[in-house]
Amino acid sequence: MINEERVKHMTAMAIFEKELGPEYQPMLKYSKKEYVALHGWGGFLAGTLIYGVIYALIITYIIGNVIENLTQMYMLLFILIGLLVYAAYIIIHVHNVRRRAARHYKRGRRLIKELASKYSKLNLMYEDEAQQTKPLLARGYTDLD
């Protein structure tokens, strides 16, 4: 006879593992500190690349269309402003990436704990079912009135 409650648990766990398992798999490998640091470095590299491309496009436009006589003072000013804006941008960007990673990690750990509790509940169902299928003497009953 099929235990419907057990089938429901198994189905819910299979759906979770199929849909969300790969996304939350790193939460099992890394501690929160490692996970957030890894995302912080990724955010730093991605933010630097994005800023570099946008900055190069802006400078190319300004040099080509706005300024006709480019002097050393303008070049130094562009570099200084670019570095200051980059510093502010990268600090904000990495902070936001790390905050999102910490929130994602916390949610993932919570979902993994829920999955673990479902596994233990399923294990208890199997143990109860195994206990009920044993003969009376094997169940540990001493008085058989």
Side-chain angles (χ1 to χ4, degrees), residues 1-136 138-141:
M1 186 167 148
I2 296 176
N3 186 341
E4 290 182 28
E5 187 177 347
R6 183 177 51 158
V7 172
K8 287 178 185 178
H9 276 286
M10 291 172 66
T11 305
M13 291 169 23
I15 289 171
F16 175 83
E17 287 178 354
K18 183 179 179 186
E19 292 179 0
L20 300 176
E23 182 181 351
Y24 293 109
Q25 197 69 9
M27 278 72 165
L28 297 171
K29 295 179 186 176
Y30 301 114
S31 67
K32 182 178 180 180
K33 185 177 179 180
E34 293 169 339
Y35 184 79
V36 170
L38 185 65
H39 277 76
W41 279 108
F44 175 77
L45 293 175
T48 300
L49 288 174
I50 291 169
Y51 182 82
V53 169
I54 292 172
Y55 183 71
L57 291 173
I58 291 172
I59 293 298
T60 304
Y61 174 76
I62 290 174
I63 290 174
N65 297 329
V66 177
I67 298 178
E68 295 177 8
N69 295 329
L70 186 64
T71 63
Q72 276 187 332
M73 186 179 83
Y74 283 130
M75 286 176 39
L76 290 175
L77 187 62
F78 287 147
I79 291 171
L80 180 63
I81 290 172
L83 288 175
L84 291 174
V85 171
Y86 170 73
Y89 165 76
I90 204 69
I91 289 170
I92 292 169
H93 179 71
V94 170
H95 175 71
N96 287 336
V97 167
R98 290 175 59 92
R99 192 176 72 226
R100 273 183 271 138
R103 204 172 21 221
H104 188 255
Y105 186 88
K106 185 177 180 180
R107 181 175 183 259
R109 291 301 286 187
R110 182 178 46 84
L111 290 173
I112 288 170
K113 284 181 182 179
E114 288 176 14
L115 183 65
S117 71
K118 286 182 181 182
Y119 271 119
S120 60
K121 194 172 188 179
L122 182 65
N123 192 24
L124 288 175
M125 285 181 194
Y126 275 119
E127 288 175 2
D128 287 344
E129 190 174 297
Q131 185 71 16
Q132 290 175 358
T133 58
K134 289 182 181 179
L136 287 176
R139 289 185 200 174
Y141 293 116

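Counting from 1, the numbers follow the sequence of the chain as shown. None of these values were measured; they are calculated from a predicted model.
The ring-ring contact (aromatic ring centres under 6.0 Å, His included) search around Tyr35 returns His39, Tyr105, not counting sequence neighbours. For Thr60, the side chain to side chain contact (heavy atoms under 4.5 Å, CB included) test picks out no residue, with sequence neighbours left out. Remark: Ile79 engages Leu83 in a side chain to side chain contact (heavy atoms under 4.5 Å, CB included) (not counting sequence neighbours). Partners of Arg99 according to the side chain to side chain donor-acceptor pair (under 3.5 Å) rule, which considers only residues two or more places apart in sequence or in another chain, are Asn96. Residues satisfying the side chain to side chain contact (heavy atoms under 4.5 Å, CB included) criterion with Ala37, sequence neighbours excluded, are Arg98. Partners of Arg110 by salt bridge (Lys or Arg N to Asp or Glu O under 4.0 Å), not counting sequence neighbours, listed by chain and number: Glu114.
Here the side chains of Glu34 and Leu38 are not in contact, with every heavy-atom distance at 4.5 Å or above. Side chains of Leu77 and Ile81 form a contact here, defined as non-hydrogen atoms less than 4.5 Å apart.
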Side chain to side chain contact (heavy atoms under 4.5 Å, CB included) assessment of Ile54 paired with Ile58: CA-CA 6 Å; Ile54 292 172; Ile58 291 172; 3.8 Å; yes

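Between atom CD1 of residue Ile59 and atom CZ of residue Phe78 there is a gap of 5.0 Å, rounded to the nearest 0.5 Å.
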May I have the list of side-chain donor-acceptor pairs in residues 84-91 shorter than 3.5 Å, sequence neighbours left out?
{"residue": "Tyr86", "atom": "OH", "partner": "Thr48", "partner atom": "OG1", "Å": "2.8"}

